[in-house]
Number of protein chains: 2
Amino acid sequence: MPKQAEKVRRAPLSRDRILRAAVALADGTGIESLSMRNLAQDLGVVPMALYKHVANKDELVDGMIDVVVAEIDPPEPGDWKQAIRRRILSARQVLLRHPWAPLAIESRSTATPAVLAYLDSTVGALRAGGFSTDLAHHVMHAMGSRVLGFSQELFDATRQAGRSGATVPEPPADLPPEMAARFPNLAAIATAASHDGDSVVGPGCDDQFEFEFALDLLLDGIERLHRNGWTSHRTL
Amino acid sequence: MPKQAEKVRRAPLSRDRILRAAVALADGTGIESLSMRNLAQDLGVVPMALYKHVANKDELVDGMIDVVVAEIDPPEPGDWKQAIRRRILSARQVLLRHPWAPLAIESRSTATPAVLAYLDSTVGALRAGGFSTDLAHHVMHAMGSRVLGFSQELFDATRQAGRSGATVPEPPADLPPEMAARFPNLAAIATAASHDGDSVVGPGCDDQFEFEFALDLLLDGIERLHRNGWTSHRTL
DNA sequence: CTTGACTGGTGTACGGCGTACACCTAGCCT
DNA sequence: AGGCTAGGTGTACGCCGTACACCAGTCAAG
């Protein structure tokens, strides 16, 4: 009875199974080699079978984003600043596991419900901390994508990993000399960072440190505005 | 002599002409309808002709980015804070004219020389203002993509325009009621913004204001660190 | 003045993509 | 038993980027 054997060996395909396989595929080989055909092959199924469960590729990616967002820790009660800080750092950890996600999230034109729910609960934490809707609004804009755990670096190794698959840790790699000559200021900060042994090792600078530096810069500024009863009706 | 007529009516195609046509096409119809074939047609030429001037599509996009970056005002001498603020706001104006550019820039894995030159001169402005290489380094990370004039909004009308072509100004559009019920905190800040007549009109919130709010929040925080002689060897 | 190399536009073709559409099959309800 | 339906299949279309062979001028060297 090969019939039964086949049935047993292949779980019956579902939106959920498709999304998980898609996330795994993107994690492993990069978002740009995620195609309906590859994904179907991974699932042992013909490409068109997927369309019985997802409307099209865009909707597939939306679903993948929701899977990722669901991995972020739920909010904890307590001081707004600590709560938001912890949540954002948790989001960052999640996105480090899914390096394709930032680009995917940004390339969507409208947020998915799961992202909206995440943002909503973050605003909730601010309001619970006594923020006016006015200030809460501007704060959300100011945080931008950082609230979802990624800073938009122009020069981001993680981003690169998202494209080409698993991260291969690169050698420290100072700028090549002709670059250093053309961009002396970049060279200065790059070499300072990579030779500054006590806070960094390896790839030149400590991404986690940079992320927290920027995050705290924003949070401290926000706290100051909040304490001073800032409102958009007066000047900053 | 149709030969000469043809020659006159069609300029001889060059990398520069291709890049400009590509930027115009992306500005007009969105980056996702920029294909080698469409572009060639706009130029009255067969697709493969482009490959005599650009190596491939990725390199084409790199060139387009350089065209855009070249439109940013050159740095002005003077107080670092004013200089950087002005420059970044200029970058923002440029990117508003090319809404496809942020996504294009971010999707590149390595920065183009023009972008590096821009970043280098920005670092130069900081160092001229007395910043240590250490602090300048962290500042660049903290600013992230904002230094190039775009904040990474999760909910960005401009981004949408970049995908589908010219911006059609939408009606004010409060959240639909079932959204408001599911995301009460987002609803609160959204309706507050769109009904708050004295600072905003139209699409719900004033993007320029939000951008400057975040920018000044960062710049003020940075200024404070700078005044206090901050260094990464001590705690923040 | 010929010739041969070089530059730049052309035509054809291939493999990959997303997905429309018709089909088939198994299980379930009546 | 008969038909409905959910879900997997096969084929096909139009788009994409681009490899490769070709060909028309231009221009320098013989």
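Chain identifiers are assigned alphabetically (A, B, ...) following the order of the sequence lines, protein sequences preceding nucleic acid strands; residue numbering begins at 1 within each chain.
By the side-chain hydrogen bond (donor to acceptor under 3.5 Å, both in side chains) test, B:R20 is found to be paired with B:D16, residues two or more places apart in sequence or in another chain being considered. For A:A125, the side-chain contact (heavy atoms from CB on, under 4.5 Å) partners at least two apart in sequence or on another chain are A:I84.
Listed pair A:H53 / D:dA6 fails the phosphate criterion, with no side-chain N or O lying under 4.0 Å from OP1 or OP2.
Here the P atom of nucleotide C:dG18 and the CG atom of A:L39 are 10 Å apart, to the nearest Å. Rounding to whole angstrom units, NZ of residue B:K57 and P of C:dC17 are separated by 16 Å. Atom pair A:I31:CD1 and C:dC17:P shows a separation of 14 Å (rounding to whole Å applied). Atom CZ of B:R15 is separated from atom C1' of C:dG8 by 16 Å (rounded to the nearest Å). Rounded to a whole Å, the CD1 atom of A:I18 is 11 Å from the C1' atom of D:dG8. Atom-to-atom, CG of B:N56 to C1' of D:dA19 comes out at 13 Å; the value is rounded to the nearest Å. In this structure, B:R17 atom CZ and C:dG8 atom C1' are separated by 13 Å, rounded to whole Å. Atom CD of B:E32 is separated from atom C1' of C:dG18 by 13 Å (rounded to the nearest Å).
Each of C:dC17, D:dT18, C:dT10 was ranked by its minimum atom distance to the side chain of B:A49; first place goes to C:dT10. For A:R37, whose side chain is taken as the heavy atoms from C-beta onward, the closest listed nucleotide among C:dC17, D:dC16, D:dC20 is C:dC17. In the set D:dC16, D:dG8, C:dC17, C:dC17 carries the atom at the smallest distance from any side-chain atom of A:N38. In the set D:dC20, D:dG8, C:dT19, the nucleotide with an atom closest to the side chain of B:M48 is D:dC20. Residue A:Y51 has its side chain nearest to C:dG18 when only C:dG18, D:dT18, C:dC17 are considered.
Heavy-atom distances to DNA chain D give each of B:M36 and A:S14 a nearest nucleotide, and the one nearer the 5′ end belongs to A:S14.
Judged by distance alone, the side chain of B:D27 and the main-chain N or O of B:H98 form no donor-acceptor pair under 3.5 Å.
Cation-pi geometry between B:R92 and B:F150 is not met at under 6.0 angstrom from the ring centre and within 45 degrees of the axis.
Side-chain contact, B:D66 with B:T112: a donor N or O sits under 3.5 Å from an acceptor N or O.
Contacts of B:K52 with the nucleic acid, taken as non-hydrogen atoms under 4.0 Å apart, include base atoms.
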